[in-house]
Amino acid sequence: MTSTLAPQPVERPKPARTGAVARRRTRVLALPEARWAAAATALFLLALPLQLTSAPAWAWGPLYALSYATGGWEPGWEGLKALKDRTLDVDLLMVVAALGAAAIGQVMDGALLIVIFATSGALEALATARTADSVRGLLDLAPATATRLDPDGGEHAVSVEDLALGDTVLVRPGERVGADGRVLDGASEVDQATITGEPLPVPKERGDEVFAGTLNGTGALRIRVERDASESVIARIVRMVQEASETKAPTQLFIEKIEQRYSLGMVAATLAVFLVPLAFGAQLTDALLRAMTFMIVASPCAVVLATMPPLLSAIANAGRHGVLVKSAVVMERLGQVDAVALDKTGTLTEGSPRVTDVRPLPGSGLDEDELLTLAAAAERPSEHPLARAVVDAARERGLTLPDAEDFTSAPGVGVTAVVGGRTVAVGAPARLLDDTLGTAAELEESGRTAVLVVVDGTPAGLLGIADRLRPDAAATVASLASLTGSAPVLLTGDNPRAAARLGAEAGIDDVRAGLLPQDKLAAVREMEGAGRKVLVVGDGVNDAPALAAAHTGIAMGRAGSDLALETADAVIVRDELAAVPATVALSRRARKLVVQNLVIAGVFIAGLVVWDLAGDLPLPLGVAGHEGSTVLVGLNGLRLLREGAWQRAAAGGDA
């Protein structure tokens with residue numbers, strides 16, 4: 001190792017931004033849509049109790065009027081702009097319906113409709129802003145500056161944007177790598193979970209590739225820059241997420257797909273109901289009353305409520321059980337999926353290494369507990385993830401760990417310490433022995449990391465360490481296969497042996513390992529190109545492009561990266577994998593209730609319209625019939641709020 005790796009005085013200019021940048025999150029009230037919605041809601045809540053307590057109209061009337069104005073001006077303005085482009089927007093129709101309700105005395109109903117639409121728009125704007133925040137925040141994973149080495153051995157802290165291809169940078173222990181490149185000198189372990197999702201740090205030595213934004217371990221590395229900052233893997237992930245979000249097919253609720261034709265038809269029919277009788281000599285008042293009655297009974301309120309209550313009830317029910325579904329559109333789309341792609345580390349697995357095997361070697365004179373005690377005592381001073389796994393395993397067995405003396409750690413090799421007068425070395429078998437032991441090869445073939453324990457220069461035993469499968473992983477895979485009609489696919493950046501082992505344990509045959517973020521994205525697009533509606537479940541930065549591009553994306557919440565949580569359409573807050581198929585089943589039941597409600601609403605609307613056109617439908621009766629159908633479909637949709645709905649969905653049955 002050259003002297004360049006030794007700490008030297010460094011000229012450090014003031015960086016443009018520090019490495020520990022606080023996450024930038026858009027505040028709710030920073031959005032104009034949220035401010036207008038909050039104002040409309042507050043005014044409505046002030047007016048409602050005054051009206052219900054029979055206060056004079058001058059007390060609550062202006063409050064309702066202000067609620068109409070603050071909550072309705074923006075959708076109304078957007079609707080007028082759409083009308084200029086010869087498109088009739090449902091938001092404009094709802095504003096007109098709200099004004100129509102006020103015109104016939106239903107002021108409170110119209111104000112409530114305005115508040116609902118304004119709140120919905122604010123939530124959509126907030127979701128969009130938070131996603132943009134996370135995409136920008138991803139760039140903070142890469143450090144702002146790097147230590148560039150001059151040919152004469154001098155060191156200078158420079159902005160990573162100023163690094164050129166071929167420059168040599170020094171990465172000290174605990175620092176993040178500043179640029180994509182290749183190791184020239186040194187040895188260390190690098191945590192590159194943000195890029196590949198691998199649960200364990202990867203040993204790096206001369207000739208190995210490293211990525212910007214990954215975290216260096218205990219060794220120092222000299223790295224030759226091989227990619228410009230704008231072309232680093234982390235920068236490409238940002239672009240992929242943005243492009244996937246922009247090119248993702250537009251999502252609409254079922255009713256929104258027919259809103260244009262329905263809206264145009266209702267407006268034309270209302271005008272006809274008003275003008276045709278006038279042309280045949282009817283009184284203006286009678287024609288206007290009939291047209292207003294027609295507009296009320298034919299308005300899509302019941303049709304809109306046919307869609308929203310089942311989906312919102314399903315969202316609320318899922319939320320009580322630790323699943324955050326971000327919108328009604330997402331809840332509807334979840335029930336459409338017919339293929340599932342799962343990440344491995346942190347999704348199918350717990351995301352942290354655990355000791356799976358303790359194997360004393362013949363002739364060592366040690367049993368499992370004695371071997372684990374010596375290894376854990378030697379590893380206790382180390383900060384390496386494998387060391388923590390060994391210590392945790394000893395503590396789980398209730399073992400008492402003696403103090404270690406003369407502790408030393410060599411990057412990429414292992415640790416050495418004196419425990420109870422015995423010299424204990426713990427590390428990789430290939431590093432500590434000339435030949436790899438058969439037992440170590442067996443462990444590694446099964447996808448585990450083999451760790452050799454040497455006591456007083458003699459091999460004493462091996463430990464097998466691996467990321468552990470979640471207890472409910474196999475059952476979840478089986479449930480998803482039953483719901484979609486096809487087995488899930490495993491997409492992971494981990495090594496093929498570990499991926500194959502976990503896939504076999506979980507019941508997954510199609511295992512695709514060693515994937516970078518762009519490879520996962522390509523796999524999802526390949527599946528969707530074949531006509532599949534893919535659900536992606538993941539948790540890491542490396543999953544974000546696939547989550548954004550998929551028909552629907554779900555992120556695991558406990559260990560999920562900020563980018564994955566914001567990019568995904570839904571989040572499993574309690575980190576229970578079994579909640580994924582339960583939510584899909586609940587969504588499918590919600591879609592069935594939507595169809596039921598549309599039939600009910602259609603029957604009521606058709607009956608009232610025929611009565612108004614062919615007979616003499618009194619306005620109060622028309623309003624009562626319209627409101628009655630609205631209440632009926634609303635109550636039908638609320639059935640999914642019951643606890644039994646989730647229990648049946650979780651059991652794989654009909655909700």
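Because only heavy atoms are used, hydrogens play no part in the values below, and waters and symmetry mates are left out as well, while side chains stay in. Please read these numbers as outputs of a predicted model, since none were measured by experiment.
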Test side chain to side chain contact (heavy atoms under 4.5 Å, CB included) applied to [X] - qualifying residues, sequence neighbours left out:
X    : value
A375 : V390, V426, V453, L463
T168 : L149, L184, R222
D167 : R148, L163, A164, V225
D162 : S159

For a quick test of reading the model, state the closest non-hydrogen atom pair linking [X] to [Y] and the distance between them.
X    : Y    : result
I508 : P488 : CG2-O, 3.4 Å
V536 : A546 : CG2-O, 3.9 Å
A378 : V419 : N-CG2, 4.0 Å
V160 : G178 : CG1-O, 3.6 Å
G213 : R176 : O-NH1, 2.5 Å
G514 : D519 : O-OD2, 4.3 Å

Q: Decide yes or no on side-chain contact (heavy atoms from CB on, under 4.5 Å) for D467 and L502, but give the supporting numbers first.
A: CA-CA 9 Å; D467 193 5; L502 264 298; 5.7 Å; no
Q.
Can you tell me if D509 has over 12 outside heavy atoms packed within less than 6.0 Å of its CG?
A.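 No - once you tally the heavy atoms of other residues, nucleotides and ligands closer than 6.0 Å, there are 12 at most.
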Q.
With a sphere of 6.0 Å drawn around CZ of R206, does it hold more than 12 non-hydrogen atoms of other residues, nucleotides or ligands?
A.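 Count not over threshold, so no.
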Going from [atom1] on [X] to [atom2] on [Y], what distance comes out if it is rounded to the nearest 0.5 angstrom?
X    : Y    : atom1 : atom2 : answer
D406 : T423 : CG    : OG1   : 8.0 Å
E175 : L221 : CD    : CG    : 10.5 Å
R359 : L371 : CZ    : CG    : 12.0 Å
L535 : T484 : CG    : OG1   : 9.0 Å
R512 : L491 : CZ    : CG    : 6.0 Å
H551 : L334 : NE2   : CG    : 8.5 Å

Q) Quick one: side-chain hydrogen bond (donor to acceptor under 3.5 Å, both in side chains) partners of T356, sequence neighbours excluded? A)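 If we apply the side-chain hydrogen bond (donor to acceptor under 3.5 Å, both in side chains) test to T356, skipping adjacent residues, the hits are R448.
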(Q) Just to verify, what does E209 make a side-chain hydrogen bond (donor to acceptor under 3.5 Å, both in side chains) with, not counting sequence neighbours? (A)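 Partners of E209 under the side-chain hydrogen bond (donor to acceptor under 3.5 Å, both in side chains) test: R227.
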Non-hydrogen side-chain atoms of [X] and [Y] separated by less than 4.5 Å:
X    : Y    : result
R380 : D403 : yes
V169 : V158 : no
R397 : V358 : yes
P402 : T373 : yes
L480 : V580 : yes
F407 : V415 : yes
L577 : M556 : yes

Q: Give the C-alpha distance, both sets of side-chain angles, the deciding distance and a yes or no for side-chain contact (heavy atoms from CB on, under 4.5 Å) between E226 and D180.
A: CA-CA 6 Å; E226 293 190 342; D180 286 10; 5.9 Å; no
Q. Should V325 and D569 be marked as a side-chain contact (heavy atoms from CB on, under 4.5 Å) after you check the CA-CA gap, both sets of side-chain angles, and the distance that decides it?
A. CA-CA 7 Å; V325 179; D569 301 301; over 6 Å; no
Sub-3.5 Å donor-acceptor pair from the side chain of [X] to the main-chain atoms of [Y], do we have one?
X    : Y    : value
R182 : G207 : yes
N216 : R172 : yes
E379 : L386 : no
T349 : G346 : yes
E528 : R525 : no

Q: Look at D543 together with K520 and state whether they make a salt bridge at an N to O cut-off of under 4.0 Å.
A: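 Salt bridge between D543 and K520, a charged N being under 4.0 Å from a carboxylate O: yes.
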Q. Between L342 and V477, is a side-chain contact (heavy atoms from CB on, under 4.5 Å) present by the stated rule, with each step listed?
A. CA-CA 9 Å; L342 299 168; V477 168; 4.1 Å; yes
Q: Scan side-chain atoms only and decide if R470 and T476 contain a donor-acceptor pair under the 3.5 Å cut-off.
A: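 No donor-acceptor contact under 3.5 Å links the two side chains.
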